[in-house]
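Beneath this line is the structure, given in structure tokens, with notes to follow.
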Number of protein chains: 2
Amino acid sequence: MTPPEPRPRDRGIPEATVARLPVYLRALQALDDRGILTVSSEHLAETTGVNSAKLRKDLSHLGSYGTRGVGYEVEYLIYQISRELGLTQDWSVAIVGAGNLGRALANYGGFGTRGFRIAALLDADTAVLGDTVAGLSVGHIDALEDVVDRENVSIGVIATPAVAAQEVCDRFVEAGVTSVLNFAPVVLNVPPGVDVRKVDLSIELQILAFHEQRKADGYAGLDPFGKGPV
Amino acid sequence: MTPPEPRPRDRGIPEATVARLPVYLRALQALDDRGILTVSSEHLAETTGVNSAKLRKDLSHLGSYGTRGVGYEVEYLIYQISRELGLTQDWSVAIVGAGNLGRALANYGGFGTRGFRIAALLDADTAVLGDTVAGLSVGHIDALEDVVDRENVSIGVIATPAVAAQEVCDRFVEAGVTSVLNFAPVVLNVPPGVDVRKVDLSIELQILAFHEQRKADGYAGLDPFGKGPV
DNA sequence: ACGCCCTTGTGAACACGCGCACAAAGTGGG
DNA sequence: CCCACTTTGTGCGCGTGTTCACAAGGGCGT
């Protein structure tokens with residue numbers, strides 16, 4: 001998704017590793033909550049569903065934080081991964097689109113607890129202005145530039161209908177936002193230096209459907225009453 | 001996400017290609033709506049943000065559906081991709097969790113129009129039972145097995161809190177569901193033969209934060225007033 | 001103090017996906 | 001009928017990511 005220009009090496013941490021660090025982080029926090037002090041790569045790999053060698057190589061990109069014969073100290077590793085991901089500082093996020101999805105995002109608990117602060121929830125529809133969602137009052141889209149500027153927003157979330165997405169994106173970029181998380185089913189056009197990540201619910205379903213069809217084809221002879229398409 | 005066992009080649013279509021087919025499909029449908037009859041790989045690649053050679057190679061996995069010197073016939077390609085993805089048949093989907101996210105999903109327009117039918121929206125909380133969402137009445141989670149069986153559900157969507165996810169997943173699997181789309185922030189444990197795809201909003205944000213931090217580090221000297229963390 | 005056992009960190013082979021660049025193939029004009 | 005032009009389909013080299021397998025290193029019991 002992200003790398004049209006592959007960026008000059010990101011201080012050497014591979015993109016694939018970056019994508020897995022949040023997963024490790026979440027598992028480690030669960031271990032920490034249970035009072036577990038150390039964990040081996042084998043165990044952590046199992047609970048996160050990756051190969052243990054891959055996990056060790058991923059972590060080795062951050063430094064040598066393990067102890068041979070013992071494993072990794074949970075709290076220390078949490079801190080190191082958080083620091084690497086930039087979660088030891090707070091990030092302001094603005095969400096545009098106060099429909100079902102925008103509200104779901106604003107209510108999503110994972111944000112506040114992990115270094116993300118929702119600075120504003122904006123919408124173009126005057127009918128929803130002033131609605132209170134997750135302790136936030138829905139603002140008008142016209143305030144976008146003000147909010148970005150005043151609250152130092154660096155990450156913009158687009159949860160609008162497809163037709164509005166590009167315009168919102170342009171306004172985000174123009175206002176100085178350099179990272180965009182896009183839920184609208186369109187490919188956004190952005191200048192170099194701006195990162196876009198896209199989440200598309202219907203694409204995920206279509207990928208599942210593909211594999212489901214394969215299974216149905218392959219097992220048809222063995223399992224004539226298996227769950228198939230309707 | 002999917003391949004612990006890399007599956008015996010999926011009839012030869014690479015996973016990376018499968019993940020892009022829905023994107024092409026969406027762009028093609030947009031062209032079709034505008035009455036455009038043929039499209040070149042160059043043009044389609046541009047609107048979907050991929051390399052044109054990659055696009056041609058992707059399409060070549062489905063067969064030789066283009067005409068040299070002309071391009072691809074839009075309608076025909078739509079049909080071929082739809083067929084390959086299994087969208088020419090209807091799939092029943094059950095959503096568990098009628099919170100903000102579950103409702104957003106049920107209301108998501110992209111489903112019905114693309115071969116997916118929402119068979120049920122279930123929740124454990126009796127307070128929301130009977131609520132009407134997207135023309136559907138919220139049912140009780142106890143009806144899960146019945147619904148899966150009666151409606152031939154093959155894809156289950158989990159939009160519950162993290163703690164409930166594994167149990168819901170187990171019940172889905174036990175009832176015969178072989179594909180799961182998981183929005184809860186946990187790694188699900190499933191037997192072989194069951195596909196799981198995970199969408200995690202906070203992970204996406206964390207990846208963006210990582211790159212944002214890199215940008216802030218690298219450009220700090222050049223752009224002391226650039227948007228940084230709060 | 002020594003040696004056994006466990007786990008990390010990594011070298012090397014392998015697999016996969018990407019993109020260039022070009023030959024093959026079809027179109028349309030003259 | 002032929003030629004110039006366009007666009008597909010793909011062979012190939014390259015870079016990235018994954019996995020195996022093992023040497024290096026640290027703890028712990030004796």
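A note on names: the letters A, B, ... follow the listed sequences, proteins ahead of strands, and every chain is numbered from 1.
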### Message
With the threshold set at under 4.0 Å for non-hydrogen atoms, list the residues of residues 64-73 of chain B touching DNA chain C in residue-number order.
### Response
B:T67, B:R68, B:V70
#### Entry: salt bridge (Lys or Arg N to Asp or Glu O under 4.0 Å) partners of A:R20, counting only residues at least two apart
A:D58
### Task
Tell me whether the OP1 or OP2 atom of D:dT8 has a side-chain N or O from B:S41 closer than 4.0 Å.
yes
### Message
Rounded to whole Å, how long is the line connecting atom CG of B:L59 with atom P of D:dT7?
### Response
16 Å
## Note on the structure
Sorted by chain and residue number, the side chain to side chain contact (heavy atoms under 4.5 Å, CB included) partners of A:E42 (sequence neighbours excluded) come out as A:S40, A:S52
What pairs of donor and acceptor atoms, side-chain ones from residues 70-79 of chain A against any protein atom, are under 3.5 angstrom apart with sequence neighbours left out?
residue : atom : partner : partner atom : Å
A:Y76   : OH   : A:Q80   : NE2          : 3.2

### Message
Using the side chain to side chain contact (heavy atoms under 4.5 Å, CB included) criterion, which residues pair with B:N51? Sequence neighbours excluded.
### Response
B:A53, B:K54
### Summary
Sequence neighbours excluded, the answer for side chain to side chain contact (heavy atoms under 4.5 Å, CB included) partners of A:N100 is B:R103, B:A104, B:N107
### Query
What is the distance, rounded to the nearest whole Å, between atom CD of B:E15 and atom C1' of D:dG17?
16 Å
### Query
In residues 47-58 of chain A, what residues come within less than 4.0 Å of DNA chain C, judged by heavy atoms?
A:R56, A:K57
### Query
Any donor and acceptor pair, going by atom type alone, linking the side chain of B:S41 with main-chain N or O of B:R56 inside 3.5 Å?
no
### Message
In whole Å, I'd like the distance from the CD1 atom of B:I13 to the P atom of C:dC16.
### Response
15 Å
### Task
Let me know the distance between CG of B:L62 and C1' of D:dG9, rounded to the nearest Å.
13 Å
### Message
Without decimals, in angstroms, what is the distance between A:L21 CG and D:dG17 P?
### Response
13 Å
#### Entry: Pairs flagged by salt bridge (Lys or Arg N to Asp or Glu O under 4.0 Å) wherever residues 158-177 of chain B is involved - sequence neighbours left out
B:E145-B:R171
#### Entry: Heavy-atom closest contact (B:T47 atom, B:A27 atom, distance)
OG1-CB, 4.1 Å
## Note on the structure
Judged by nearest nucleotide, the residue sitting upstream toward the 5' end of DNA chain D, A:R20 or B:G63, is B:G63
### Query
Excluding sequence neighbours, so at least two apart, what forms side chain to side chain contact (heavy atoms under 4.5 Å, CB included) with B:L62?
B:I13, B:L21, B:Y65, B:I81, B:E84
### Value in whole Å for how far the P atom of D:dC20 lies from CD of A:E42
11 Å
